[in-house]
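Here's the structure we're looking at; comments come further down.
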Protein chains: 2
Amino acid sequence: MQRYFGDRSTAVSVVDLVEHFRGEMNKVTVYRILSRMEAEGIIHSFSGSDGLKWYAACKQCTNHSHYDHHPHFQCKVCGMIECLEISLPIPKLKNRKVDTEIILLIGECETCAS
Amino acid sequence: MQRYFGDRSTAVSVVDLVEHFRGEMNKVTVYRILSRMEAEGIIHSFSGSDGLKWYAACKQCTNHSHYDHHPHFQCKVCGMIECLEISLPIPKLKNRKVDTEIILLIGECETCAS
DNA sequence: TTCTTATTGCAATTAGGTTGCAATAAGAAA
DNA sequence: TTTCTTATTGCAACCTAATTGCAATAAGAA
Ligand SMILES: [Mn+2]
Ligand SMILES: [Mn+2]
Ligand SMILES: [Zn+2]
Ligand SMILES: [Zn+2]
């Protein structure tokens with residue numbers, strides 16, 4: 001599982017992971033390893049637009065602080081999701097205190113757009 | 001159900017709706033009416049940070065075009081979600097075509113912050 | 001009324017995700 | 001090596017959101 005995330009730069013849904021490791025390990029084990037790796041700061045998770053859970057490798061996270069508050073981009077054609085190493089400004093709202101923003105940009109990736 | 005959304009300015013999760021109309025109508029009916037109202041442009045839906053489905057009244061939608069591409073704000077204390085009538089700039093990405101952004105701002109609402 | 005379509009209730013099912021518990025694997029201590 | 005202890009895994013069962021099939025009822029048009 002460690003190797004799986006080490007070799008890829010894009011995110012992967014839990015559904016796909018369970019399918020990928022089917023026959024090799026139980027789906028409960030997949031969920032548990034993912035939880036462990038997230039707690040250790042190796043990967044981070046987020047919800048896709050359809051509500052499914054996705055995971056991706058962390059680039060600058062430790063088990064004490066997750067630097068995973070970055071936007072993600074999903075291609076509406078092939079479904080691929082990738083982490084964006086950019087930081088967008090958090091808008092200020094009157095009478096409300098905003099401290100986090102969850103952003104999912106949707107469009108077409110390089111492959112699907114050409 | 002129409003009245004329910006007409007009287008409120010915040011979003012409501014489907015779970016809460018099913019609970020609210022329990023005894024009055026079947027949960028399947030709740031889901032079906034919501035689908036219908038969304039198709040008619042009366043309400044719009046989105047996923048919360050936990051993956052649950054939420055609905056809110058549309059202010060400028062028709063059955064032909066949904067103007068529901070606005071950010072939402074969720075209070076991490078009371079869980080309330082509201083539509084934000086602001087539009088944030090869609091960032092440009094190299095080699096990718098971005099046409100939609102799903103944004104959920106998280107923080108504390110006026111009531112919970114004071 | 002009669003025919004036709006739209007809506008609803010209920011049970012069953014699907015799908016993502018979790019929990020309990022026993023079995024096994026891995027490590028440390030002796 | 002042997003023994004004790006902890007961590008990991010498999011499997012079945014369970015939970016909850018959401019969907020589907022189908023019969024029953026309601027609503028409208030003819
Ligand atoms: Mn990421
Ligand atoms: Mn909204
Ligand atoms: Zn693509
Ligand atoms: Zn609040």
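To find a chain, count down the sequence lines: A is the first, B the second, and so on, and within it residues start at 1. All values reported here derive from a predicted model rather than from experimental measurement.
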Of the options [options], whose atoms approach the side-chain atoms of [X] most closely?
X       : options               : result
B:Arg36 : C:dG16, D:dC11, C:dT7 : C:dT7
B:Val15 : C:dG16, D:dA17, C:dT8 : D:dA17
B:Leu52 : C:dG16, D:dA17, C:dG9 : D:dA17

Working to the nearest 0.5 Å, report the span between CD1 of B:Ile90 and CG of B:Asp99. 7.5 Å
If I take atom [atom1] in residue [X] and atom [atom2] in nucleotide [N], what distance separates them, rounded to the nearest angstrom?
X       : N      : atom1 : atom2 : result
B:Ile33 : C:dT7  : CD1   : C1'   : 9 Å
B:Phe21 : C:dT8  : CZ    : C1'   : 15 Å
B:Asn26 : C:dA12 : CG    : C1'   : 13 Å
A:Met1  : D:dT8  : CE    : C1'   : 13 Å
A:Tyr55 : C:dG17 : OH    : C1'   : 10 Å
B:Leu17 : D:dA17 : CG    : P     : 13 Å
B:Asp16 : D:dA17 : CG    : C1'   : 13 Å
B:Asp50 : D:dA18 : CG    : C1'   : 15 Å

Knowing that exactly one of A:His44, A:Glu101, A:Glu85 qualifies, which makes a side-chain hydrogen bond (donor to acceptor under 3.5 Å, both in side chains) with A:His70? A:His44
Donor + acceptor pair across side chains of A:Ser45, A:Glu38 (<3.5 Å): yes
Taking the side chain as everything from C-beta on, heavy atoms only, tell me whether A:Ser49 gets closer than 4.5 Å to B:Ser47. no
Do you know the tightest heavy-atom contact between A:Ile81 and A:Thr10? O-CB, 3.4 Å
Kindly give the heavy-atom pair with the smallest separation between B:Ala57 and B:Ile43, and that separation in Å. CA-CG2, 4.0 Å
For B:Glu24 and for B:Lys27, find the nucleotide of DNA chain C with the closest heavy atom, then tell me which residue's nucleotide is more 5'. B:Glu24
Quick one: do B:Arg96 and A:Glu82 make a salt bridge, cutoff under 4.0 Å? yes
Side chain of A:Lys53, base of C:dG16: donor and acceptor closer than 3.5 Å? no
Polar atoms only, N or O, under 3.5 Å: list the protein pairs with nucleotides 19-28 of chain C and their distances.
none

When all nucleic acid strands are considered with a 4.0 Å heavy-atom cut-off, which category describes B:Val18: base, sugar-phosphate, or nothing? nothing
So ring pair (Phe, Tyr, Trp, His ring centres under 6.0 Å) across residues 10-29 of chain A, not counting sequence neighbours, yields A:Tyr4-A:His20, A:Tyr4-A:Phe21
Secondary structure of DNA chain D in dot-bracket form (Watson-Crick or G-U wobble, distances below 3.5 Å, | marking inter-strand pairs): ||||||||||||||||||||||||||||||
State whether the side chain of A:Thr29 and the backbone N or O of A:Met25 hold a donor-acceptor pair below 3.5 Å, judged by distance alone. no
